[in-house]
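Okay, so here's the structure we're looking at.
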Amino acid sequence: TSIRDSFILIKSLGSGSFGNVFLVKDKRTGLERAAKELTKSNINERIAPEVYNELMVMKGLDHPGVLRLYEILETSTRVYIITEYLSGGQLFERLSRSPKVSEKLAAKYIFDLILALSLCHKNGLIHRDIKPENLLFENDAPDAHLKMIDFCLSRLGIINEGSDQKAQVGSVNYMAPERFSGECTEKSDIWSVGVILHVVLLGKVPFQGKTDAETIRRIIERPLVTTGKSWDTTSEEARSLIESMLNKNPSYRPSAQEILMHPWFYLYTKNTI
Ligand code: ADP
Ligand code: MG
Ligand code: MG
């Protein structure tokens with residue numbers, strides 16, 4: 001069998017660390033989908049059972065805030081993960097068009113992420129790779145929702161590369177301190193969203209060093225700085241939320257469920273759960 005039996009290939013959306021992502025059209029419904037292609041030699045012939053199980057849990061989640069996973073197709077050489085297509089582009093592409101982000105807008109975006117996380121965490125799913133490239137708007141509308149792609153999939157790298165550490169190619173800037181001693185829980189996702197919030201409101205990551213090693217050391221050791229010019233125009237509520245999400249100790253970090261109740265969101269949104 002081939003993916004072309006069921007889907008028409010429209011264009012490439014990007015190439016990921018395990019293969020390409022395509023925009024496709026479902027022949028049966030005429031609807032657009034994203035198809036992430038994994039080459040079997042890259043994932044050792046099959047998706048590891050624990051990753052497969054997580055993908056199955058994701059497939060069962062049907063909530064507008066969570067990237068919809070429709071099906072997993074397998075051919076003799078490839079695996080395709082068919083998801084909802086998000087046409088609105090990456091978070092920071094949009095933000096770069098309007099450099100000064102109001103707290104109101106930031107609260108809307110962060111609420112989308114935290115609501116999705118609260119549902120996923122409740123179902124035992126940890127994202128593990130929340131970073132700007134994995135945050136896409138659903139469409140081009142000004143009020144489009146922000147969603148996370150690439151759920152669970154960073155763990156594919158464990159079988160591929162042999163070690164979790166090596167699979168973490170790319171930016172260390174969004175990784176929680178405990179990740180560097182091999183620990184990764186729901187609270188590690190919360191840290192990453194805390195870094196995203198810091199970047200959105202203050203225009204830079206909180207623990208940037210000159211090298212990755214220095215960045216990692218700062219993430220682990222250096223207290224968060226919450227003074228300075230950019231903090232002066234940031235609300236007390238936003239500061240307290242960022243501080244709590246960037247607590248070095250994961251057990252002191254609030255859960256997604258708790259963050260949904262944070263006063264910062266009441267300041268700026270009318271969102272209800
Ligand atoms: P990787 O795990 O290698 O980072 P991703 O799943 O993040 O791969 O996909 C790579 C790129 O393909 C993304 O940064 C994005 O630009 C595009 N892409 C992936 N999934 C979708 C989707 N559902 N809708 C639109 N574009 C997507
Ligand atoms: Mg990605
Ligand atoms: Mg990935």
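In each ligand, atom 1 is the first atom listed, and ligand 1 is the first ligand listed.
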Looking only at distances, can you tell me whether any N or O atom of Asp150, backbone or side chain, sits closer than 3.5 Å to an N or O atom of ligand 1? yes
Does Arg33 come within less than 4.0 angstrom of ligand 1, counting non-hydrogen atoms of the residue? no
Do other residues, nucleotides or ligands put more than 12 heavy atoms under 6.0 Å from Arg4 CZ? no
Contact (N/O only, under 3.5 Å) between Glu84 and ligand 1: yes
Given the side-chain rings of Tyr109 and Phe137, with only the six-membered ring counted for Trp, is the space between their centroids under 6.0 Å? yes
Option nearest atom 21 (C) of ligand 1 (shortest heavy-atom distance, choices Asp129, Leu136, Thr83): Leu136
Among Lys248, Lys187, Arg253, which residue meets the salt bridge (Lys or Arg N to Asp or Glu O under 4.0 Å) test with Glu178? Arg253
So, taking the atom named CG in Asp62 and the one named CG in Leu69, what distance separates them when rounded to the nearest 0.5 Å? 11.5 Å
Pair Trp191 + Phe207: ring centers closer than 6.0 Å: yes
Atoms in ligand 1 with a heavy atom of Asn134 nearer than 4.0 Å: 7 (O)
Numbering the atoms of ligand 1 from 1, which are under 4.0 Å from a heavy atom of Glu133? 14 (O)
Looking only at non-hydrogen atoms, find the nearest pair between Met58 and Val66 and report the distance. CE-CG1, 4.2 Å
Subset of ligand 1 atoms that lie under 4.0 Å from at least one heavy atom of Ile149: 7 (O), 13 (C), 19 (C), 20 (N)
Report yes if some N/O of Val21 lies less than 3.5 Å from some N/O of ligand 1; otherwise report no. no
Please, which pairs that meet side chain to side chain donor-acceptor pair (under 3.5 Å) have at least one residue in residues 218-232, sequence neighbours excluded? Glu214-Arg218
Provide the atom name of the closest N, O or S atom of Asp150 relative to the Mg ion (ligand 2). OD2
